[in-house]
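The next block holds one structure in the form of structure tokens; read it before the comments.
Because the structure is predicted, anything quoted here is derived from the model rather than measured. Counting begins at 1 with the first residue of the sequence.
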Amino acid sequence: KVWNGTVEGLGELIENDLEPSACHVEPVLAEMFSDFRRLSDSRFSLTGSGSCIFCLPATGASFRTGEIERIEQLARERSSRALRVGFDCR
């Protein structure tokens with residue numbers, strides 16, 4: 001696959017082979033991914049072995065109004081541990 005220079009194209013290239021294993025070990029991750037993907041058509045993935053979930057907006061380089069807040073609230077509700085939930089939208 002070759003990146004076409006767009007955010008959407010970058011999202012199509014992101015794949016973490018460890019995601020299924022991380023979701024098996026920590027089922028709340030699978031639940032969070034399912035909920036996030038239901039709420040948003042942004043691309044969600046794990047960094048490395050799963051220390052962080054990140055997302056790329058699906059439409060251009062911005063999120064829809066209220067989308068970040070809905071995702072952040074869901075993450076807080078789903079997390080069974082003291083997780084840092086936040087966004088860096090730079």
Side-chain angles (χ1 to χ4, degrees):
K1 295 180 180 180
V2 177
W3 183 38
N4 65 8
T6 66
V7 172
E8 293 88 350
L10 182 60
E12 292 173 10
L13 294 176
I14 294 173
E15 185 175 336
N16 184 333
D17 294 337
L18 293 174
E19 185 177 314
S21 296
C23 289
H24 177 75
V25 170
E26 192 63 59
V28 72
L29 287 174
E31 294 170 7
M32 290 173 80
F33 274 121
S34 176
D35 289 343
F36 290 162
R37 291 171 178 148
R38 181 179 46 79
L39 281 176
S40 171
D41 52 358
S42 295
R43 175 71 169 112
F44 295 87
S45 191
L46 292 176
T47 59
S49 59
S51 61
C52 179
I53 295 175
F54 68 94
C55 70
L56 294 171
T59 53
S62 62
F63 292 93
R64 293 186 307 263
T65 303
E67 187 173 10
I68 291 173
E69 292 80 8
R70 288 191 300 275
I71 294 167
E72 186 175 20
Q73 180 61 35
L74 182 60
R76 288 185 195 285
E77 291 170 2
R78 280 284 187 194
S79 63
S80 59
R81 300 182 181 154
L83 298 178
R84 179 182 179 277
V85 177
F87 287 83
D88 184 350
C89 297
R90 287 181 260 163

With ring pair (Phe, Tyr, Trp, His ring centres under 6.0 Å) as the rule and sequence neighbours excluded, what pairs involving residues 27-55 come up?
Phe36-Phe44
To the nearest 0.5 Å, tell me how far Leu39 CG sits from Gln73 CD.
11.0 Å
Joint hydrophobic cluster, Ile53 plus Val25, side-chain heavy atoms closer than 4.5 Å:
no
What's the separation between atom CZ in Arg38 and atom CG in Leu74, rounded to the nearest 0.5 Å?
6.5 Å
Which atom pair, heavy atoms only, marks the closest approach of Ala22 to Leu29?
O-CD1, 3.7 Å
Arg70: side-chain hydrogen bond (donor to acceptor under 3.5 Å, both in side chains) partners, not counting sequence neighbours
none
Could you report the tightest heavy-atom contact between Asn16 and Gly48, atom names first, then the distance?
ND2-O, 2.7 Å
Check: Ser45 and Glu15 side chains under 4.5 Å, non-hydrogen atoms:
no
Once you round to the nearest 0.5 Å, how far does CE of Met32 lie from CD1 of Ile71?
10.5 Å
With side-chain contact (heavy atoms from CB on, under 4.5 Å) as the test, would you mind laying out the steps for Arg37 and Arg43 before giving the verdict?
CA-CA 8 Å; Arg37 291 171 178 148; Arg43 175 71 169 112; 3.8 Å; yes
